[in-house]
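One structure below.
What you see is a predicted model, and the numbers here were worked out from it, not measured in a lab. Numbering of residues begins at 1 and proceeds along the displayed sequence.
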Amino acid sequence: MLRVRLGIAGTLAVVAVLSAAGAAQARAASSDPTGSGAQVPVLRWSRCPGQKGFQCASARVPLSYEHPDGAQIRLAVMRHRATDPHRELGTLFLNPGGPAPAKPSFPFVYALFPQAVRERFDIVTWDPRGLGESNPVTCFSSSAAEDRFLAKTGLPVRDFPRPDSQIDPSLANFAELDRRCLHRSGRELLEHMSTADSARDLDLLRRAFGEPKVNYYGGSYGTLLGDTYANLFPGRVRRMVLDANVSPIKWFSRGAGAFPDSGGTFLPTFLRQGSDLGARKTLNAFLDLCGETSTKRCAFSAGSAAATRAKFASLLQRLQLDPWPGAPTYGDVVSEAVEGVYTVSAWGVLASRLEEEWDGLTPAPIAAPPGPHPSFAGPYGIFCGEVPNPG
């Protein structure tokens with residue numbers, strides 16, 4: 001699932017300008033769902049820079065499957081060949097979640113597959129359209145420019161807007177962000193970033209690999225992509241694993257009054273999915289396990305699970321009521337904690353950063369990669385274009 005950075009206000013603001021994209025995607029979904037008129041891409045493989053054993057290629061696919069002979073975009077594709085080619089069973093396509101670029105995490109995710117799977121399948125992933133290296137939505141020239149823009153209203157980049165003074169400036173800020181994204185990326189791209197478009201991309205990749213049917217593994221958002229593919233192409237699925245399922249009903253439906261936990265309220269996308277509850281459960285598990293071990297193994301430990309939970313609550317209270325000079329904001333630390341618990345292997349780093357903040361220090365910011373910066377708004381181009389949210 002998409003990691004939290006904007007908060008709810010940002011989500012709601014992006015919805016307004018991208019609503020036209022949803023209408024275009026609905027039209028595309030109702031016409032030629034197979035994309036059969038599209039030309040099968042030719043993949044030319046080369047070694048991925050700095051990634052031993054991995055190969056990279058690009059695939060040309062239609063921008064619009066309503067007009068398969070029209071404008072084209074390029075998908076960045078990455079694979080690792082089966083390590084026992086004499087026993088190979090074919091290709092396994094992977095989307096690990098997000099919506100997010102898949103290539104950066106692929107070496108890590110690949111290593112998590114059982115040896116038997118790595119031996120017998122070519123494992124393939126790709127950056128979904130509009131993300132990463134696949135014609136990305138770009139709103140700023142660099143990460144620094146993006147951060148300067150988001151900070152200009154006084155709203156910290158990863159903070160939550162306060163109801164008393166920050167909601168209106170935050171909404172205005174994100175309305176301007178919409179305009180910048182449209183200016184840099186163009187409406188045509190934003191109108192063709194739906195999950196259904198990506199499912200058609202997957203089917204073209206299937207054909208490019210010469211597979212009669214798809215073997216697919218999807219995690220989190222990747223389960224929605226798998227669901228969509230199976231509904232568009234029910235006769236083309238061989239084996240499909242969906243792990244940490246997104247509810248398609250809660251993704252595409254308003255849900256007001258339809259779900260027992262909504263209280264009759266029209267909730268934003270990830271609240272309908274219960275992402276907040278999952279994040280709380282995982283964060284509490286991290287704090288409990290940290291408290292049950294030594295500070296040598298978990299720097300933020302307070303000697304017991306209860307004491308470590310209390311220590312985290314006390315840190316947040318200090319940041320709200322009595323922050324020290326140069327302290328991170330309450331929103332910074334909450335976002336850092338929620339993002340940090342997504343990856344268990346990074347829990348040690350999260351514990352060390354929380355301990356530095358507990359000691360009154362401000363950890364160095366996580367460096368952004370140099371060069372052109374694909375905006376974090378890219379994922380919003382997908383789910384704000386196809387998902388109902390409160391206005």
(message) Working note: L225 + Y216, criterion side-chain contact (heavy atoms from CB on, under 4.5 Å); need CA distance, chi angles, decisive distance, verdict.
(response) CA-CA 10 Å; L225 177 57; Y216 176 82; 3.7 Å; yes

(message) With heavy-atom distances below 4.5 Å as the criterion, would you say the side chains of I73 and R60 are in contact?
(response) no

(request) Identify whether the distance between the nearest side-chain nitrogen and carboxylate oxygen of R200 and D197 falls below 4.0 Å. (result) yes

(message) How close do V77 and A59 get, counting heavy atoms only, and between which atoms?
(response) CG2-CB, 4.1 Å

(message) Could you measure the distance from the CZ atom of F252 to the CZ atom of F383? Nearest 0.5 Å is fine.
(response) 12.5 Å

(message) Under 4.5 Å between side-chain heavy atoms, counting indirect links through other Ile/Leu/Val/Met/Phe/Trp/Tyr residues: same cluster for I123 and L112 or not?
(response) yes

(request) Kindly work out whether a path of hydrophobic side-chain contacts (I/L/V/M/F/W/Y, heavy atoms less than 4.5 Å apart) joins L224 to Y217. (result) no

(message) As an exercise, state the distance from SG of C181 to CZ of F140, rounded to the nearest 0.5 Å.
(response) 6.5 Å

(message) I'd like to check E88 versus E119 (side-chain heavy atoms, cut-off strictly below 4.5 Å). Are they in contact?
(response) no

(request) Answer yes or no: is there a side-chain heavy-atom contact under 4.5 Å between H86 and R120? (result) no

(message) Using side-chain contact (heavy atoms from CB on, under 4.5 Å), reason through K213 and V237 one step at a time and then give a plain yes or no.
(response) CA-CA 5 Å; K213 294 188 176 183; V237 177; over 6 Å; no

(message) When you measure from the side chain of W347 to the backbone of V341, do you find a donor-acceptor pair of N or O atoms at a distance under 3.5 Å?
(response) yes

(message) How close do P328 and L319 get, counting heavy atoms only, and between which atoms?
(response) O-CD2, 3.2 Å

(request) Scan side-chain atoms only and decide if N95 and Y229 contain a donor-acceptor pair under the 3.5 Å cut-off. (result) no

(message) Quick check with a 6.0 Å cut-off and a 45 degree axis cone: is K311 positioned over the face of W358's six-membered ring?
(response) yes

(request) Test V137 against every option in I382, L189, L131, L182 by the side chain to side chain contact (heavy atoms under 4.5 Å, CB included) rule and name the one that passes. (result) L189

(message) Check for me, please, whether V344 and F108 land in the same ILVMFWY cluster - side-chain distances under 4.5 Å, paths through other members count.
(response) no

(request) Would you name the heavy atoms of P128 and A100 that are closest together and state the gap between them? (result) CD-O, 3.5 Å

(message) If I compare all heavy atoms of G53 with all of H80, which pair ends up nearest, and what's the gap?
(response) O-CD2, 3.1 Å

(message) Distance check, rounded to the nearest 0.5 Å: R207 atom CZ versus L202 atom CG?
(response) 12.0 Å

(message) Can you confirm if the NZ or CZ of R81 lies within 45° of the ring axis of W45 and under 6.0 Å from the centre of its six-membered ring?
(response) no

(request) For the residue pair R47 and Q55, establish whether any side-chain heavy-atom pair is separated by less than 4.5 Å. (result) no

(message) Quick one, V124 and L94 - any side-chain contact, counting heavy atoms below 4.5 Å?
(response) no

(request) Calculate, to the nearest 0.5 Å, the distance between atoms CG and CD belonging to L315 and E355 respectively. (result) 9.5 Å

(message) Just by distance, no angles: are the side chains of R239 and N215 close enough, under 3.5 Å, to form a donor-acceptor pair?
(response) no

(message) For the backbone of L271 and the side chain of S275, can you confirm whether one donor and one acceptor N or O come within less than 3.5 Å of each other?
(response) no

(request) Nearest 0.5 Å please: distance from the CH2 atom of W126 over to the CG atom of L205. (result) 6.0 Å

(message) Checking side-chain polar atoms at under 3.5 Å, does Y221 have a donor or acceptor matched by the opposite partner on T195?
(response) yes

(message) Are L361 and V349 linked, directly or through intermediate hydrophobic residues, by side-chain heavy-atom contacts shorter than 4.5 Å (ILVMFWY only)?
(response) no

(message) Could you check whether any side-chain heavy atom of M78 comes within less than 4.5 Å of a side-chain heavy atom of P107, counting everything from C-beta outward?
(response) yes

(request) Would you please say whether a donor-acceptor pair under 3.5 Å links the side chains of T83 and R118? (result) no

(message) Could you tell me if the side chain of R129 sits less than 4.5 Å from the side chain of D201, heavy atoms only?
(response) yes

(message) Nearest 0.5 angstrom please: Y342 OH to L283 CG, how far?
(response) 11.5 Å

(request) Look only at the side chain of D127 and the backbone of E133, and say whether a donor-acceptor pair between them is shorter than 3.5 Å. (result) yes

(request) Please confirm whether the backbone N or O of L289 pairs with a side-chain atom of T293, one donor and one acceptor, at under 3.5 Å? (result) no

(message) Using the ring centroid of each side chain, check whether F121 and F113 are separated by less than 6.0 Å.
(response) no

(request) In sequence, state the C-alpha distance, the side-chain angles, and the governing distance for V214 and R236, and then conclude on side-chain contact (heavy atoms from CB on, under 4.5 Å). (result) CA-CA 6 Å; V214 156; R236 301 180 192 171; 5.7 Å; no

(message) With clusters defined by side-chain heavy atoms of hydrophobic residues (ILVMFWY) lying less than 4.5 Å apart, directly or transitively, does L232 cluster with W251?
(response) yes

(request) Measure the shortest side-chain to side-chain distance between L92 and D122 over non-hydrogen atoms and say whether it is less than 4.5 angstrom. (result) no

(request) Taking only Lys NZ, Arg NE, NH1 and NH2, and the carboxylate oxygens of Asp or Glu, determine whether R180 and E176 approach each other closer than 4.0 Å. (result) yes

(message) Keeping S58 on the side-chain end and A76 on the backbone end, is there a donor-acceptor pair under 3.5 Å?
(response) no

(message) I'd like to know if the side chain of D288 reaches the main chain of A285, judged simply by a donor and an acceptor atom lying under 3.5 Å from each other, with no hydrogens or angles considered.
(response) no

(request) Could you tell me if the ring centre of F54 sits under 6.0 Å from that of F106? (result) yes

(request) Check whether any side-chain N or O of S220 sits under 3.5 Å from a backbone N or O of G222 as a donor-acceptor pair, and report yes or no. (result) no

(request) Taking atom CD of Q317 as the centre, report whether more than 12 heavy atoms of other residues, nucleotides or ligands fall under 6.0 Å from it. (result) no

(message) Tell me if a side-chain donor or acceptor on S134 pairs with a main-chain N or O of G130 at a distance below 3.5 Å.
(response) no

(message) So which atom in T308 and which in S304 form the shortest heavy-atom distance, rounded to 0.1 Å?
(response) OG1-O, 2.8 Å

(request) Would you name the heavy atoms of T223 and N245 that are closest together and state the gap between them? (result) OG1-CA, 3.5 Å

(request) Check the side chains of T91 and E211 for a donor-acceptor pair under 3.5 angstrom, ignoring hydrogens and angles. (result) yes

(message) Would you say the ring centers of F209 and F93 fall short of 6.0 Å from each other?
(response) yes

(message) Using a 3.5 Å distance criterion without hydrogens, assess whether the side chain of S247 forms a donor-acceptor pair with backbone atoms of K250.
(response) yes

(request) Begin from the C-alpha positions of E357 and E336 and carry the test side-chain contact (heavy atoms from CB on, under 4.5 Å) through to its verdict. (result) CA-CA 11 Å; E357 289 156 351; E336 181 179 83; 3.1 Å; yes

